[in-house]
Amino acid sequence: MSWGQRSVISVPYLWLTLFFLVPFVIVFKISFSEMAYAIPPYTELLSWADQQLTVNLNIGNYFYLFTDDLYVRAYLSSIRIAAIATVICLIVAYPIAYTIARARPATRNALLMLVILPSWTSFLIRIYAWVGILKNNGLINNLLMWLGIIDQPIAMLNTEFAVYIGIVYAYLPFMVLPLYTNLMKLDKSLLEAAADLGAAPWKVFMTITLPLSKAGMIAGSMLVFIPAVGEFVIPDMLGGAETLMIGKVLWQEFFNNRDWPVASAVAIVMLLLLLLPITLFHRYQARELES
Amino acid sequence: MGNKVSSFGKVFLTLGFIFLYLPILILIVFSFNESKLVTVWAGFSTKWYGELLQDSQMLGAAWMSFKIAFLAASAAVVLGTMASIIMVRMGQFKGKVAFTSMITAPLVMPEVITGLSLLLLFVAMAQTLGWPAGRGMLTIWIAHVTFCTAFVAVVVSSRLREMDASLEEAARDLGAPPWKVFFLITLPIIAPALMSGWLLAFTLSLDDLVIASFVSGPGSTTLPMVVYSSVRLGLSPKINALATIIVLLASTGVLMAWWLARRAETQSVKLPTHH
Amino acid sequence: MAQSNQAMLEIRQVSKLFSGVAAVKEVSLSINKGEIFALLGGSGCGKTTLLRMLAGFENPSAGAIFIDGEDISQIPPHKRPVNMMFQSYALFPHMTVAQNVAFGLKQEKRYINKEIDDKVSELLGLVRMQDFAQRKPDQLSGGQRQRVALARSLAKQPKVLLLDEPMGALDKKLRSQMQLEVVDIIEAVGVTCVMVTHDQEEAMTMADRISVMHEGEIMQVGTPSEIYEFPNSRHTAEFIGSVNIFDATLTELNPDYSRLSSTDLTAPIQVEAGINAPLGAQVGVAIRPEKIAMSRTQPNVTDNWLTGVVEDIAYLGGHSVYYVKLASGKRVMAMGTNNDRHEQKVTWQDPVYLHWSNTSAVVLYQ
């Protein structure tokens, strides 16, 4: 490998190692320290006194995570909420991606554009929009009460339902895009061959299209599921105090309790839980990036 | 496929677009509401736009966010393009698996984890190296460059893969050294992808609340941070006005970029497709 | 043909391994100045890898490449006196025709702009593309693109011109026209040329000499007629044109003729001249279909004939190919010209006799 090639490789390599990989090592390290009223607010793992090197490995943070059921419940409900939202997303996104992929080339581009366009405007503001729609004196309740369908407002904001809406709304394009890319690659003659061999349209879909779009479904699901597990803004703004999600717990641990070691332990456990889906996503993406 | 499928598809697509656009539309409509109540219509007014323009904290934060987004997107395009070349053109080398992992992982990494880990890195670095001295624009910039690089790499590498590699070989064959091949041949051909990568990175940076909240310091408040703290206090038509402006700017920008890309595409539609 | 016997390109014992698997195995070739030389073979035979090593895009795992006596094996592609016309033509889409042709010249500091302009218009004149100088590649037809690609690769007056599947991107009708046109231009310039192709017709039309490659090795090197008339292996015989091959045993060895027997045939095969093998040796005997004559009556010869039943006829317009099934079950191809429209034609299931002269058969040792 030439000198030029080495330097091209080393710049992004070093950047990502320093600012992406090393930080995880530090999080891991700090998850074994103790909270302290100091700057920075944690104890050092190694201490040197009386010619003795002491290693203070504090696994108390991890014990704490598993004894206080707040954390366990938060992990479980994060995974449950993210999984349900991912499935809804997939069900909503598949027909959209399928219809766009089957549209005429000119309209196809425009439709895809329309799906992506909202993502180019502020995420925070799009979630904020739902607050006004879902709250007790919000648009939906006002409309239903004005129509006389209900006489008491339905509580929608600050429920899990609102979180599902928020995740599906914000992450829908991330599901549509890989599905669309995948369905576009599908050789149309395969569908024609199946139809030619006597398969009814729904059978063609079930036996050819659906199995062949598995890669797109996995990629899209991982693009939604993984960030949704650690989502903070959506449960914070739409979920209310009742909805437990681990991203919110970590945020509160860090900003409100200023307990950096526990926040680090929360992050490490979350990372371990997400390792499998991240690997799955990586395998798909690596194929996409290199092939 | 019969008409049944396509009409079902059309209905679904329409519902999908209503779902995607109605909340934004409502947001825009209520930015012109006379009343302070965001959900009850009380007559047309543009007073919230006036108030928004008076809000120096908001404007300051917007300017800060713009500066960071511009600088982060520019750096991310450079790093992301280099990363794409490494992944698409350089074949196998030691540590390639680790490298592609570091490119793909930030795409899905929950923001709270990225934010926390980068903050802890900056704290540790400040302790041991004395740099970066404080947290602020620089640390937000580093954080944004890091996760934007991954997105740029995805956009650019997909274009690079489509590009006929023999164009680069032809230029080398005709006597251009590798760096010249890149600047004379590769770069002009993948330029549209660099542009969309830059726009994507700019938007991601402009939009980020969680990571910036972790790594910012006093005096470096970004626009999403101001919006977030104001939204937590309750709904405000001023935010609706801000949202309207953002939607307007973003859609103009994106539609323009899209139109330019379409035009470039229709011009090159007759390009040789055989390889 | 402006060629001398002075070697312009020498390939010595060149091998290329891709993760342990040999794509090219110890290839040695010597190509003369002014010669058009074709590397012919099926996909995966190593011909493209060899060409890419000449251009410098791959480095040989072993061996060396000399151009004009200079070892270029370690020289990077942009410093080699070699230029290539790519299969996809690889015309830069963002540059005009003139800019494409000028690209190579601009990489050398020694030209001033005026010289480059003059050279470009001279080259475009050579390929009859002067009127298209300001067009972009996407505004050209396939044949026009090829001419521009050729002009671009000739611009730097390379010592060796490389052509990668030169007609690969053209439709069949345009191919035969462009084959002759490209040869005319190359010969007018007098450049030494190495081309890669999988199309035997293209190689035979364009090249002075052909080397047949198979599984990374060179099977045979020779002029088109040598390769066709005197194949040295079953693979070459079968790859170039169609052929009947009989497994035979050497039964009689004389200085001016030899006889062989095959279990498929009742009569012995006689070939002129001696055979470089001991009596009893197992060899192959190749006979081209057009060398075989067909008749309804038994020919008045003792050797070189067979009989069978017509099993299939492929009518190809100018001629037909008859598939004759022998008693042993083997099928033999024979060609007949269709010169009389009202001829009493041989048809399916007819019993026929085939015979050939003792100069027709070629003995294959491997």
Turns out that what part of A/Ile246 lies under 4.5 Å from chain B's heavy atoms comes down to neither
Given side chains that start at C-beta, do those of A/Pro153 and A/Met145 come closer than 4.5 Å, heavy atoms only? yes
Between A/Phe20 and B/Phe147, is the ring centre distance below 6.0 Å? no
Would you say B/Ser84 and B/Ser157 are linked by a side-chain donor-acceptor pair, where the criterion is simply a distance under 3.5 Å? no
So which of A/Leu18, A/Leu111, A/Leu21 has the largest heavy-atom pair count under 4.5 angstrom toward chain B? A/Leu111
Answer whether the closest heavy-atom distance between the side chains of B/Ile85 and B/Phe182 falls below 4.5 Å. yes
Show, in sequence, the C-alpha distance, side-chain angles and deciding distance for A/Phe225 and A/Cys89, and conclude whether the side-chain contact (heavy atoms from CB on, under 4.5 Å) test is met. CA-CA 10 Å; A/Phe225 177 77; A/Cys89 230; over 6 Å; no
In terms of heavy-atom pairs under 4.5 Å with chain B, which of A/Val25, A/Leu114, A/Val176, A/Ile127 leads? A/Leu114
Need one label for B/Thr114: side chain, backbone, both or neither, based on atoms under 4.5 Å from any heavy atom in chain A. neither
Turns out that what part of B/Phe17 lies under 4.5 Å from chain A's heavy atoms comes down to side chain
When the 4.5 angstrom heavy-atom criterion is applied to B/Arg89 and chain A, the contacting part is neither
Would you confirm whether A/Thr121, through its side chain, and A/Leu117, through its main-chain N or O, come within 3.5 Å as a donor-acceptor pair? no
So which part of B/Leu27 gets closer than 4.5 Å to some heavy atom of chain A, the side chain, the backbone, both or neither? side chain
Can a donor-acceptor pair be found between the side chains of A/Asp259 and A/Tyr42 at a distance below 3.5 Å? no
Looking only at A/Lys29, A/Arg126, A/Met222, A/Met270, most heavy-atom pairs under 4.5 Å shared with chain B are made by A/Met270
Examine whether an atom of A/Ile96 lies under 4.5 Å from a heavy atom of chain B, and if so say whether it belongs to the side chain, the backbone or both; otherwise answer neither. both
Contacting region of A/Trp120 [heavy-atom separation from chain B under 4.5 Å]: both
Given a strict heavy-atom distance threshold of 4.5 Å, which part of B/Leu200 is in contact with chain A: side chain, backbone, both, or neither? both
Should A/Trp251 and B/Phe214 be marked as a ring pair (Phe, Tyr, Trp, His ring centres under 6.0 Å) after you check the CA-CA gap, both sets of side-chain angles, and the distance that decides it? CA-CA 9 Å; A/Trp251 179 284; B/Phe214 275 98; 5.8 Å; yes
Honestly, the part of A/Ala82 sitting under 4.5 Å from a heavy atom of chain B is neither
Just wondering, do A/Asp236 and B/Tyr228 contact through their side chains at under 4.5 Å, heavy atoms? yes
Relative to chain A, which of B/Pro106, B/Ala83, B/Ala150 shows the most heavy atom pairs under 4.5 Å? B/Pro106
With chain B, which of A/Val92, A/Ile278, A/Ile100 has the greatest number of heavy-atom pairs at distances under 4.5 Å? A/Val92
Let me know if B/Pro224 has heavy atoms under 4.5 Å from chain A in its side chain, its backbone, both or neither. both
A/Glu231 versus A/Val233: any side-chain heavy-atom pair under 4.5 Å? yes
Quick one: what part of A/Leu223 sits under 4.5 Å from any heavy atom of chain B, side chain, backbone, both or neither? both
Looking only at A/Val224, A/Leu271, A/Val229, the option with the highest number of non-hydrogen pairs under 4.5 Å against chain B is A/Leu271
Please state whether the side chain, the backbone, both or neither of A/Leu16 comes within less than 4.5 Å of a heavy atom of chain B. both
Using a 4.5 angstrom heavy-atom cutoff, name the option from B/Leu249, B/Leu255, B/Val210 with the most pairs to chain A. B/Val210
Please state whether the side chain, the backbone, both or neither of A/Ile268 comes within less than 4.5 Å of a heavy atom of chain B. neither
With only heavy atoms counted, which part of A/Phe28 is less than 4.5 Å from chain B, the side chain, the backbone, both or neither? neither
Polar side-chain atom of A/Ser33 near backbone of A/Ile30 as donor-acceptor pair, under 3.5 Å: yes
For the backbone of B/Lys96 and the side chain of B/Thr100, can you confirm whether one donor and one acceptor N or O come within less than 3.5 Å of each other? yes
Within the structure provided, determine whether B/Ile24 and B/Ile28 are in side-chain contact (heavy-atom separation under 4.5 Å). yes
Regarding A/Arg102 and the six-membered ring of A/Tyr98, is the cationic atom NZ or CZ under 6.0 Å from the ring centre and inside 45° of its axis? yes
Among B/Leu116, B/Leu160, B/Val123, which residue forms the greatest number of heavy-atom pairs with chain A at distances under 4.5 Å? B/Leu116
Atom group of A/Phe281 that falls short of 4.5 Å from chain B, counting heavy atoms: side chain
Non-hydrogen atoms of chain A under 4.5 Å away: do they reach the side chain of B/Leu199, the backbone, both or neither? both
Proximal component of A/Ala103, with respect to chain B [non-hydrogen, under 4.5 Å]: neither
Would you say A/Leu238 and A/Ile165 make side-chain contact, with heavy atoms under 4.5 Å? no
Write down the atom of B/Val215, the atom of B/Arg135, and the distance for their closest heavy-atom approach. O-CB, 3.5 Å
Contacting region of A/Thr17 [heavy-atom separation from chain B under 4.5 Å]: both
Turns out that what part of A/Val266 lies under 4.5 Å from chain B's heavy atoms comes down to neither
A side-chain contact here means heavy atoms from C-beta on lying under 4.5 Å apart; do B/Pro23 and A/Ile133 qualify? yes
Interface residue of largest heavy-atom contact number with chain A, from B/Val145, B/Asp208, B/Leu242, B/Leu223, under 4.5 Å: B/Val145
For A/Phe232, is it the side chain, the backbone, both, or neither that has a heavy atom closer than 4.5 Å to a heavy atom of chain B? side chain
Taking every non-hydrogen pair under 4.5 Å, which of A/Ala267, A/Pro173, A/Ser122 racks up the most with chain B? A/Ser122
Which atoms of B/Thr203 approach chain A - backbone, side chain, both or neither, heavy atom under 4.5 Å: side chain
Can you say whether A/Met237 sits under 4.5 Å from chain B via the side chain, the backbone, both, or neither, judging by heavy atoms? side chain
Given A/Ile26 and B/Ser117, is the side-chain contact (heavy atoms from CB on, under 4.5 Å) satisfied, shown in steps? CA-CA 7 Å; A/Ile26 296 175; B/Ser117 64; over 6 Å; no
Interchain contact, B/Leu120 with chain A, by part (heavy-atom threshold 4.5 Å): both
Quick check on B/Ile26 against chain A: is it the side chain, the backbone, both or neither that has a heavy atom closer than 4.5 Å? side chain
Between B/Val108, B/Leu79, B/Val112, B/Thr149, which has the largest tally of heavy atom pairs under 4.5 Å with chain A? B/Val108
Check whether any side-chain heavy atom of A/Phe24 lies under 4.5 Å from a side-chain heavy atom of B/Met109, and answer yes or no. yes
Name the region of B/Phe122, side chain, backbone, both or neither, that has any atom closer than 4.5 Å to a heavy atom of chain A. side chain
For A/Phe123, does its backbone N or O pair with a side-chain atom of B/Asp207 as donor and acceptor, under 3.5 Å? yes
